[in-house]
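All values below were derived from every heavy atom in this structure, side-chain atoms included, with hydrogens, water molecules and symmetry-related copies excluded.
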Amino acid sequence: MSEVTLGGPPPAPQVEEHHEHHPFLQHHFEDLGQQHEASTLGMWMFLSTEILFFGGVLAAYWIYRVMYPEAWAIGAAQQIWWLGAINTIVLIISSLTMALAVRNAQMGRRMGTVYMLIATLFFGTIFLGVKMYEYTKHWQEGLFPGAAFTFQWPQNPALVPKIELFMTFYWCLTGLHALHMVIGAGLLIWFIWRSWKGHFGPEYYGPVEIMGLYWHFVDIVWIFLFPFLYLIHGAHHG
Amino acid sequence: MADVTTTEINHSEHAPHVHITPMWIYLTVFFALAVGTVLTVAASRFDLGMWNTPIALVIATIKAVLVILFFMHVIHSPRLTWVVVIASFLWLGVLFVLMFADYLTRAWNIY
Amino acid sequence: MSSLTLHDVRFVEPEATRNYITQDYGALSWLFTKDHKRIAILYLISITALFILGGFFAVVMRIELLTPEGDLLTSDTYNKFFTLHGIIMIFFFLIPSIPAVLGNFLLPLMLGAKDLAFPKINLLSWYLYIIAAVMGLYIIITGGVDTGWTFYTPFSTQFSNTHVFGVTFAAFIVGFSSILTGLNFLVTIHRMRAPGLTWFRLPLFVWAMYATSIVQLLATPVLAITLVMLMFERVVHVGIFDPALGGDPLLFQHMFWFYSHPAVYIMILPAMGVASEVVAAFTRKKIFGYQFVAYSSLAIAFLGFLVWAHHMFVAGISVYSAMIFSFLSYFVAVPSAIKVFNWTATLYRASVSLMTPMLYILGFIGLFTIGGVTGLFLAAIGLDVHVTDTYFVVAHFHYVMVGGAVMAYMAGLHYWWPKITGRMYPEWWARLAALLVFAGFNLTFFPQFVLGYLGMPRRYHAYAPEFQVLNVMSTAGASVLAVGYALPLCYLLWSLWYGRPAGPNPWGAVGLEWTTASPPPMENFHETPVVTWDAYDYPAMMKAMGETQNV
Amino acid sequence: MMLSDFPLWPEQASTVAPGVDALMTFMCIVCGGVSVLTFFVIFILAIKYRRTSENQLAQDYEPPKALEAAWIIIPFLIFMFMFVWGSWLYFRIQRVPENAIDIYATGKQWMWKFQHASGQREINTLHVPVGRPIRITMASEDVIHSLFFPAFRVKSDVLPNRYKTMWFQATKTGRFHIFCAEYCGTQHSGMIGWVEVMEPVDYQKWLAGGAEGSLASQGEKLFQKYACNTCHTNDATGRGPVLLGLYGTTVTLSNNATVTADENYIRESILNPQAKIVKGFAPVMPTFQGQVSEDDLLKLVSYVHSLGTQKTAVVPVETPSSKDTSAGSPLKPGAGIPPQKDKGATP
Ligand code: HEA
Ligand code: HEA
Ligand code: CUA
Ligand SMILES: [Cu+2]
């Protein structure tokens with residue numbers, strides 16, 4: 001994904017130089033423009049695979065949601081909706097700061113980029129912290145599927161396996177999402193370091209842009225997960 | 001194909017094309033996303049019958065489109081990026097539609 | 001222009017003193033290479049090894065099936081053998097075969113580029129492949145897996161006590177290898193074409209790889225996530241696909257085939273691309289209806305996504321959706337028909353040379369047609385009820401995959417062997433091998449159509465005695481086939497040392513890859529070529545090449 | 001070998017079989033015809049336009065482009081015809097006639113259990129009358145199986161936790177194969193049996209138990225007469241071990257010794273049950289020494305023998321239904337997915 005940023009000889013940041021000698025231009029590209037277009041296109045294609053990757057679980061999720069609407073509503077009611085809402089806002093803020101980081105890189109504001117990336121990392125970490133809190137809580141309440149699932153639903157015990165199914169999707173979806181967040185956070189740290197070194201500027205901001213695409217994608221996934229997992233309306237809240 | 005032209009290969013510019021989105025756009029989009037979140041939560045507090053799910057879906061979709069267009073700069077991107085984005089969702093749509101075509105017609109009788 | 005003869009085209013550039021093979025020495029220079037040609041060679045070696053392994057399982061299975069009783073292997077071993085045969089042949093041999101070997105080698109050459117867009121990702125995808133293959137081998141040694149290559153639930157999640165987790169994890173990893181290859185190709189084709197090389201000047205092989213890559217990119221992630229869910233279910237004992245816990249085993253099948261049906265086009269589209277190249281080169285003619293052939297690749301790639309549940313006609317899907325999927329399955333056959341007829345028409349008033357690659361490709365056209373039309377039998381739902389899960393299906397897919405894709409792979413390997421190695425292979429041995437493969441193949445798999453219609457189910461370790469004669473024929477054919485595949489292994493190796501030097505363009509073919517030295521130098525071309533001619537435009541191309549030479 | 005050992009076409013023994021064969025014939029002729037024509041054209045062209053000199057180029061001629069349209073449209077129309085025929089046939093195969101006789105089937109690793117409406121149970125053999133539509137309602141106790149009658153040209157996957165139905169009407173008497181067509185584990189290829197198509201009168205007699213069956217089927221009667229079936233049920237609910245698939249397996253005894261379940265062992269188990277106690281069971285089986293004649297003993301042994309060699313473990317595998325609180329039994333219809341059509345009665 002960040003192919004472009006991996007390569008090249010050690011950086012020798014400088015202000016003006018002919019494009020062919022830019023330190024981050026790879027030998028097999030004609031110029032930085034071609035390199036930039038290739039790498040953003042590559043990232044978008046990677047995101048296509050991500051869309052189908054998450055889309056696959058979501059398809060399964062929706063099949064069962066249509067089959068077991070009641071269990072789904074009960075399952076969603078086990079979530080603390082306002083934690084989800086806070087996390088949504090937190091993630092949206094981080095998306096904004098990420099977008100601003102790209103903007104700063106485009107405009108050649110080195111420290112602006114660094115600060116915005118740090119802010120993104122900060123909000124991403126808050127998100128993960130809240131998620132960890134929710135996870136521990138679910139675990140304690142016996143809401144982890146499989147042998148650990150001890151959740152009871154006395155009103156209609158027959159629904160318990162289906163609620164477990166809901167929780168299976170909850171863990172799969174949020175787990176995959178959190179994994180993406182962790183990877184994103186790791187990348188952010190590396191990008192903070194690189195921007196601080198002054199690698200990026202108006203003629204070479206592609207990697208930051210790509211990092212941004214990834215981060216925004218992860219945000220979009222959450223935009224869907226929040227209503228899907230926290231806010232299912234059903235008549236049977238306990 | 002979207003880009004059957006040769007100009008795409010013969011780059012006239014050497015450095016990448018930079019389009020800097022004005023600050024107010026970012027802030028407006030952010031604001032819209034926040035409002036969308038509040039609306040989603042609010043709508044889910046009321047029993048709207050069969051409409052709860054579609055409303056949640058529509059709001060989420062609008063939010064996603066905003067992020068894609070503005071934060072991800074698709075609105076200023078080459079046509080090819082549009083093609084990639086739309087194709088991905090189209091393909092996902094195929095998965096959903098044809099799969100549901102099976103599940104929703106299973107109970108039908110055979111004539 | 002008319003004064004030019006093909007001899008002028010033969011020597012376009014002086015032999016390079018240093019090429020991609022002699023550039024660097026030592027194992028590390030190969031293992032850490034970023035050159036697409038070297039990575040292609042790494043792939044060539046690895047998939048050949050796995051092909052032999054997969055073939056070994058096939059041969060042992062065929063020997064077992066000589067007699068109706070299950071005498072050579074135990075049932076469990078037999079089940080593991082066909083599973084491993086299927087998994088290795090599909091995920092580790094056929095899916096990477098043409099794209100990762102020939103595609104990797106040729107795509108930048110055909111586009112006039114120095115390399116693929118993301119050389120490091122290219123190397124990474126080979127490493128992923130190797131990691132997955134090593135995991136697979138480890139699992140084979142420590143007990144194997146017995147679910148069938150389709151991993152149907154609930155057998156795979158609850159009942160099989162073999163290494164299902166490990167194998168699905170390996171398939172998951174090799175899936176990413178495939179995704180990255182596809183992504184790399186797509187970006188390269190979009191962004192790295194030489195000046196003047198417009199879409200409709202591209203060789204049809206590039207079109208085919210383009211279509212293939214779309215499928216790799218958009219189908220494989222669904223397999224990946226399905227396998228993740230399967231692994232999760234197996235480890236945590238949740239019920240995503242478990243009927244006892246409210247899950248639906250058919251959901252697994254839907255998601256599996258959403259990938260695996262398009263995957264069959266990952267295997268056949270590149271083969272069709274090779275066919276177009278070889279037919280053009282050995283008829284010295286532009287492929288008839290070039291644009292139709294190009295677009296039909298895209299049509300197959302798209303329509304291929306709409307037909308997956310034709311694998312589930314008796315599995316319990318609704319009769320109405322069965323009908324829809326049957327209907328759509330016939331659509332995907334139309335572009336395939338376009339290709340077959342266009343290749344045929346290209347032969348008209350051509351200059352046909354029956355060298356080995358062309359022999360393989362004529363075999364490919366014939367066998368793919370038989371395999372394809374038997375797909376039409378299977379897509380007729382009423383008929384599929386009888387033949388599904390019988391040897392009829394086994395025969396169908398070996399006709400398309402072995403008769404089709406593997407034949408084309410062999411054709412491509414022979415056709416580009418001089419380019420890859422700089423040496424000619426021995427023509428007569430190669431023709432003999434091609435004929436053996438063709439004869440052995442038909443003897444192996446044609447009887448299986450009959451067996452299937454008679455009702456012999458697939459994945460049967462022991463079978464009813466009346467099926468024996470046909471099975472004996474099939475086994476006999478398989479031994480001829482094995483010899484047919486062993487021959488190229490020997491003479492291609494031989495040719496590396498003793499083969500006649502090939503020169504840049506031994507076939508008198510047109511195409512950018514033939515304008516550079518064999519083997520090509522490190523960055524493919526000394527100067528980025530400027531393209532002013534259409535693909536397979538023999539007169540124009542000869543003129544252009546002649547001029548290059550005169551300079 | 002004799003020609004009869006080398007069939008090319010399966011026996012036709014149901015009302016839909018000729019229909020399926022007709023479509024098959026049509027497909028073979030059309031597809032075979034088009035393929036052969038294509039090969040012929042390729043062959044002729046490749047010979048006729050063979051390259052005669054090294055440098056020969058192709059002639060500068062292109063066939064008319066209208067051909068392109070022809071070979072898009074004509075195959076497409078042929079394909080649509082195939083689709084319509086195939087679907088029409090499929091609906092014929094799916095639509096169950098009103099007056100069908102009900103039979104219930106259960107697939108289980110690795111045997112077929114059939115139950116007739118009047119209560120007869122059988123394993124790996126299915127008796128049906130000729131000339132009457134039979135509807136089979138089926139489910140699986142474990143993995144997916146597929147019930148396949150090649151001579152009738154029908155098959156259907158058998159799913160856990162869900163009923164599916166299939167039907168056929170046999171057109172001639174005789175014995176035909178039953179296969180399991182969906183891979184289901186170790187003994188998938190042993191999950192086979194026979195369908196016995198009988199004259200309706202004979203079927204009635206068989207149902208009434210009046211027919212003189214094979215040793216095994218007489219043994220089956222004795223199995224009920226001596227009330228063996230009160231303890232040896234077909235699932236793990238009885239007090240005694242499940243005898244399905246016992247024959248030929250290795251049995252572990254309470255003293256951890258092992259013994260192969262052959263005729264002698266079965267005979268001894270009936271006459272002197274305490275001699276070798278199966279591990280995990282109480283020694284509660286009464287001796288039948290002196291009560292069962294040798295004749296009857298043989299029938300019993302051959303019945304137990306006939307139960308097949310399908311089972312690997314003496315203790316049957318638990319069905320994965322223990323967690324399913326909603327369905328209770330894994331076979332409860334409608335648990336999970338909406339059934340195709342509510343067929344009512346349970347096996
Ligand atoms: C390379 C791989 C490949 C390819 C290209 C195809 C191509 C096709 N396949 Fe095949 N198929 C498999 C690999 C492939 N398949 C595999 C591996 C399985 C089994 C998997 C498993 O269960 O393990 C399978 C199984 C399979 C089934 C399920 C069978 C079952 O399990 O019951 C079906 C059903 O519709 C089917 C249909 C088709 C069709 C309609 C095509 C079409 O695309 C074919 C189109 C081509 C032609 C039609 C030929 C050229 C056309 C002409 C020359 C035109 C002239 C003809 C006329 C006018 C009649 N295939
Ligand atoms: C690319 C895919 C591919 C390829 C190339 C092949 C190649 C072959 N397959 Fe394949 N086969 C599958 C894909 C493939 N198969 C799949 C997907 C299944 C379904 C699995 C499942 O049900 O899950 C299957 C199932 C399958 C079955 C059915 C098993 C069953 O259902 O019970 C049979 C039976 O005959 C069979 C036979 C063969 C044979 C004889 C070859 C031959 O073409 C192989 C010839 C190759 C070699 C022999 C190796 C090279 C030879 C040498 C280097 C020479 C030296 C070696 C020796 C002398 C041994 N295969
Ligand atoms: Cu039961 Cu195969
Ligand atoms: Cu298919």
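Here C/Phe327 contributes atom CZ and D/Phe83 contributes atom CZ; the two are 6.0 Å apart, rounded to the nearest 0.5 Å. One distance of note links CD1 of C/Ile381 with CE of D/Met82; it measures 14.5 Å at 0.5 Å rounding. Remark: C/Asp384 CG to D/Leu89 CG distance equals 11.0 Å, nearest 0.5 Å. C/Phe292 CZ to D/Ile72 CD1: the interatomic distance, rounded to the nearest 0.5 Å, is 5.0 Å. To the nearest 0.5 Å, the span separating CZ on D/Phe179 from OH on C/Tyr463 amounts to 12.0 Å. Taking CG of D/Leu67 as the reference point, atom OG1 of C/Thr344 lies at 11.0 Å (rounded to 0.5 Å).
Highest contact tally toward chain D, considering only C/Pro457, C/Ala333, C/Gly382, C/Pro447, is held by C/Gly382 [criterion: heavy-atom pairs under 4.5 Å]. When C/Ser75, C/Gly372, C/Ala350, C/Ala380 are compared by the number of non-hydrogen pairs under 4.5 Å with chain D, C/Ala350 comes out ahead. The candidate with the highest count of non-hydrogen atom pairs below 4.5 Å against chain D, out of C/Leu383, C/Ile338, C/Thr346, C/Val373, is C/Leu383. For the options D/Ile44, D/Leu45, D/Thr52, D/Val30, heavy-atom pairs under 4.5 Å to chain C are most numerous at D/Leu45. Interface remark: of the candidates D/Cys184, D/Cys180, D/Ser53, D/Cys180 forms the most heavy-atom pairs closer than 4.5 Å to chain C. Highest contact tally toward chain C, considering only D/Gly32, D/Gly19, D/Cys28, D/Ala17, is held by D/Cys28 [criterion: heavy-atom pairs under 4.5 Å].
Ring centers of D/Tyr183 and C/Phe155: under 6.0 Å apart, within the cut-off. Annotation: C/Phe331 is not in aromatic contact with D/Phe79 [ring centroid separation under 6.0 Å not met].
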Would D/Cys31 and C/Leu376 satisfy side-chain contact (heavy atoms from CB on, under 4.5 Å), going step by step from the backbone distance to the final call?
-> CA-CA 9 Å; D/Cys31 294; C/Leu376 303 174; 4.2 Å; yes

Taking it one step at a time, do C/Tyr460 and D/Met191 satisfy side-chain contact (heavy atoms from CB on, under 4.5 Å)?
-> CA-CA 10 Å; C/Tyr460 259 33; D/Met191 193 163 162; 5.5 Å; no

Verdict with reasoning, C/Gln253 to D/Ile144, per side-chain contact (heavy atoms from CB on, under 4.5 Å) | CA-CA 12 Å; C/Gln253 298 182 18; D/Ile144 302 176; 3.5 Å; yes

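When all heavy atoms of D/Tyr90 and C/Val319 are compared, the pair lying nearest together is CE2-CG1, 3.8 Å. Across every non-hydrogen atom of D/Lys164 and C/Gly316, the tightest pair is NZ-N, 3.5 Å. D/Arg51 and C/Thr283 make their closest contact through NH2-N, 4.3 Å (heavy atoms, listed as atom of the first residue, atom of the second, distance). The heavy-atom pair separating D/Thr38 from C/Phe341 by the smallest distance is OG1-CE2, 4.0 Å. Minimum heavy-atom separation, C/Pro154 to D/Asp142: CG-O, 3.8 Å. The two atoms that bring D/Pro64 and C/Phe288 nearest to each other are O-CZ, 3.7 Å, heavy atoms only.
Only the side chain of D/Ile93 comes within contact range of chain C, with at least one heavy atom under 4.5 Å from a heavy atom of that chain. Only the backbone of C/Thr153 comes within contact range of chain D, judged by heavy atoms closer than 4.5 Å. Proximity to chain D is limited to the side chain of C/Val340, based on heavy atoms less than 4.5 angstrom apart. Contacts between C/Phe392 and chain D at a heavy-atom distance below 4.5 Å involve the side chain alone, from C-beta outward. Looking at C/Ala379, there are no atoms closer than 4.5 Å to chain D (heavy atoms on both sides), in backbone or side chain. Contacts between D/Met80 and chain C at a heavy-atom distance below 4.5 Å involve the side chain alone, from C-beta outward. Only the side chain of C/Leu250 comes within contact range of chain D, with heavy atoms under 4.5 Å apart. Proximity to chain D (any heavy atom under 4.5 Å) is restricted, for C/Phe82, to the side chain, taken from C-beta onward.
Checked against side chain to side chain contact (heavy atoms under 4.5 Å, CB included), D/Val84 has no partners two or more places apart in sequence or in another chain.
Side-chain contact of C/Tyr453 with D/Asp21: a donor-acceptor pair under 3.5 Å is present, judged by distance alone. Side chains of D/Glu68 and C/Asn342: a donor-acceptor N/O pair is present below 3.5 angstrom, by distance only.
Within the 4.5 Å cutoff, no side-chain heavy atoms of D/Pro75 are placed close to those of C/Val334. Taking 4.5 Å as the limit, some side-chain heavy atom of C/Arg459 sits within range of a side-chain heavy atom of D/Glu182. Using a 4.5 Å heavy-atom cutoff, the side chains of D/His188 and C/Arg458 are not in contact.
Between the side chain of C/Lys285 and the backbone N or O of D/Ala58, no donor-acceptor pair lies under 3.5 Å. Not one N or O on the side chain of D/Lys155 forms a donor-acceptor pair closer than 3.5 Å with the backbone of C/Val314. In this structure, C/Tyr78 contributes its side chain and D/Thr186 its backbone to no donor-acceptor pair below 3.5 Å. Judged purely by atom type and a 3.5 angstrom limit, C/Ser351 uses its side chain to pair as donor or acceptor with the backbone of D/Gln56.
The environment of D/Phe26 atom CZ is dense: over 12 non-hydrogen atoms of other residues, nucleotides or ligands sit within 6.0 angstrom.
Proximity to chain C at a heavy-atom threshold of 4.5 Å picks out D/Phe148, D/Pro150, D/Arg153, D/Val154 from residues 146-154 of chain D, in numerical order.
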